[in-house]
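Input: a single structure, listed below in structure tokens.
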Amino acid sequence: MKKTALITGASNGIGLELAKVHARKGDNLVLVARNKTKLEELQRELEEQYSIDVLAVEKDLSIKNAAQEVYDETNQKGIQIDFLVNNAGFGDYGMFYTNDWEKEQKMIELNITTLTQFTKLYLRDMMKRNSGKIMNVASTAAFQPGPMMAVYFATKAYVLHFSEAIANELKDKNITVTALCPGATESGFQAVASMEDSKLVKGKKLPSSRTVAQYGHRAMMKGKTVAIHGLINAILANSVRLMPRNIVTTITRSIQDKAN
Ligand SMILES: NC(=O)c1ccc[n+]([C@@H]2O[C@H](COP(=O)([O-])OP(=O)(O)OC[C@H]3O[C@@H](n4cnc5c(N)ncnc54)[C@H](OP(=O)(O)O)[C@@H]3O)[C@@H](O)[C@H]2O)c1
């Protein structure tokens, strides 16, 4: 029997590529994002190419209880979610004292609250079947404080710690939780975060969303708890544990600053 993957933020970047990976494996899909036109284009393309069923759900996931509404819709349609991929997220570049609160509030709601609510709702159903896989897209930003993107880095630290904790709670079950931690990746992310001038990305050749999605899917299928994309990223993410925290924050600031 076909399995179904629910992917948030499937209209662009890593989420769109994750949708394609699942489609190639023959999984049915529930694709969630705000851009209805892009979702329906992808729905048509994947249904035709892979003979799968795709449900496109137009939803702003930064609004309270959006996850509950999507859950209710999949339930009413009798769709069982075997793979939950909490991918939708965004960042905002700049000093905390100048950045816009409304944008930050939406970021916290999307990156933290909606991800947590989705996990609770679908995990309870997975528990009844003792089967399922969850992928939460964190970031290498999760491993240290991030001056110039303070709120974003903190939301990703939440995603990492939350995912590791519940993965531990589920260790005797046939359910796995994977925190995918990409480094800077080519996608719409930099434009949305207004960070094209940051030293982290300016003039850099970044890995494609497709490469990161393929890596993330493999890690989820293996049930890996923390999946950091790229050897250098993995070394850096782990090395910060051995350094004084103020030095780590100072180095991160120098990487995050604007390029000249
Ligand atoms: N790219 C990187 O450098 C990088 C590095 C580490 C981690 N990540 C993480 O990877 C994940 C995917 O980002 P990406 O790089 O693929 O960025 P992206 O190309 O900007 O894609 C973000 C996706 O999230 C959706 N989204 C944004 N706000 C939403 C909202 N309010 N409601 C519903 N959907 C929303 C967007 O769809 P709509 O606009 O259609 O709603 C889009 O499909 C994020 O969690 C990000 O934090 C990215």
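The shown structure was predicted, so the numbers you read here are calculated from the model rather than taken from an experiment. Note that ligands are numbered from 1 as they come in the structure, with each ligand's atoms numbered from 1 the same way. One-based numbering along the sequence shown.
The shortest N or O to N or O distance between Lys156 and ligand 1 is below 3.5 Å. Where the criterion is an N or O separation shorter than 3.5 Å, residue side chain and backbone included, Leu61 meets it with respect to ligand 1. Not a single N or O atom of Ser209, backbone or side chain, sits closer than 3.5 Å to an N or O atom of ligand 1.
The atoms of ligand 1 that sit less than 4.0 Å from any heavy atom of Gly183 are 3 (O), 5 (C), 6 (C). Ligand 1 places these atoms under 4.0 Å from at least one heavy atom of Asn87: 11 (C), 12 (C), 44 (C), 45 (O). Below 4.0 Å from some heavy atom of Gly13 lie the following atoms of ligand 1, by number and element: 16 (O), 19 (O). Against a heavy-atom cut-off of under 4.0 Å, Ala184 is close to the following atoms of ligand 1: 3 (O). Each of the following atoms of ligand 1 lies closer than 4.0 Å to a heavy atom of Ser62: 31 (N). Within ligand 1, counting atoms from 1 as listed, the ones closer than 4.0 Å to a heavy atom of Ser187 are 1 (N), 14 (P), 15 (O), 16 (O), 17 (O), 19 (O). Numbered from 1 in the order shown, with element, the atoms of ligand 1 that lie under 4.0 Å from a heavy atom of Pro182 read 5 (C), 6 (C), 7 (C).
Looking at atom 40 (O) of ligand 1, its nearest protein heavy atom turns out to be Ser11 OG, 2.8 Å. Ranking protein heavy atoms by distance to atom 16 (O) of ligand 1, first place goes to Ile14 N, 2.8 Å. Remark: minimum distance from atom 31 (N) of ligand 1 to any protein heavy atom is reached at Asp60 OD1, 2.9 Å. The protein heavy atom nearest to atom 7 (C) of ligand 1 is Ala138 O, 3.3 Å. For atom 47 (O) of ligand 1, the nearest protein heavy atom (residue, atom name, distance) is Tyr152 OH, 2.6 Å. Residue, atom and distance of the protein heavy atom nearest to atom 10 (O) of ligand 1 are Val137 CG1, 3.4 Å. Nearest to atom 25 (C) of ligand 1 among the protein's heavy atoms is Gly9 CA, 3.5 Å. Counting protein heavy atoms only, atom 28 (N) of ligand 1 is closest to Arg34 NH2, 3.3 Å.
The distance between the ring centers of Tyr152 and Phe189 falls below 6.0 angstrom.
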Worked check of side-chain contact (heavy atoms from CB on, under 4.5 Å) between Leu115 and Thr113: CA-CA 5 Å; Leu115 175 144; Thr113 312; over 6 Å; no
Chi angles and distances behind the side-chain hydrogen bond (donor to acceptor under 3.5 Å, both in side chains) call for Lys38, Asn12: CA-CA 8 Å; Lys38 279 188 171 183; Asn12 205 50; 3.3 Å; yes
Chi angles and distances behind the side-chain hydrogen bond (donor to acceptor under 3.5 Å, both in side chains) call for Ser11, Asn35: CA-CA 7 Å; Ser11 64; Asn35 191 321; 5.7 Å; no
Candidate pair Lys199 and Asp257, rule salt bridge (charged side-chain N to carboxylate O under 4.0 Å, His left out), full reasoning: CA-CA 6 Å; Lys199 278 190 225 158; Asp257 265 336; 5.1 Å; no
side-chain contact (heavy atoms from CB on, under 4.5 Å) between Thr211 and His229, intermediate numbers included: CA-CA 9 Å; Thr211 308; His229 179 252; 3.8 Å; yes
Worked verdict on Asp125 versus Ile81 for side-chain contact (heavy atoms from CB on, under 4.5 Å): CA-CA 8 Å; Asp125 290 345; Ile81 301 303; over 6 Å; no
side-chain hydrogen bond (donor to acceptor under 3.5 Å, both in side chains) evaluation trace for Glu73 with Asn75: CA-CA 5 Å; Glu73 186 170 340; Asn75 256 4; over 6 Å; no
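Counting heavy atoms closer than 4.0 Å to ligand 1, residue Ala10 contributes backbone atoms (N, CA, C, O) but none from C-beta onward. Contacts between Asn111 and ligand 1 below 4.0 angstrom, taking non-hydrogen atoms only, are absent altogether.
Residue pairs meeting the ring-ring contact (aromatic ring centres under 6.0 Å, His included) criterion with at least one member in residues 102-149, sequence neighbours excluded, are Tyr71-Tyr122.
Considering Ala33, Gly216, Gly89, Ser139 only, the shortest heavy-atom separation from atom 13 (O) of ligand 1 involves Gly89.
Checked options Thr116, Thr178, Asn87, Asn86; the residue passing with Asn136 is Asn86 (criterion: side-chain hydrogen bond (donor to acceptor under 3.5 Å, both in side chains)). With Val30 as the partner, the side chain to side chain contact (heavy atoms under 4.5 Å, CB included) test is satisfied by one option alone out of Thr8, Asp53, Thr74: Thr74.
Ile14 shares a hydrophobic cluster with Ile7, Leu16, Leu18, Leu29, Leu31, Leu39, Leu42, Leu46, Tyr50, Ile52, Val54, Phe83, Val85, Met135, Val137, Leu180, Val212, Tyr215, Met220, Met221; the chain of contacts runs through ILVMFWY side chains whose heavy atoms sit under 4.5 Å apart.
Using a 4.0 Å cutoff on heavy atoms, Gln190 counts as a contact of ligand 1. Heavy atoms of Lys59 approach ligand 1 to within less than 4.0 angstrom.
Although no hydrogens or angles enter the test, the distance criterion places a donor-acceptor pair under 3.5 Å between the side chain of Ser209 and the main chain of Glu186.
The two residues Ala88 and Asn111 make their nearest non-hydrogen contact at O-OD1, 4.4 Å.
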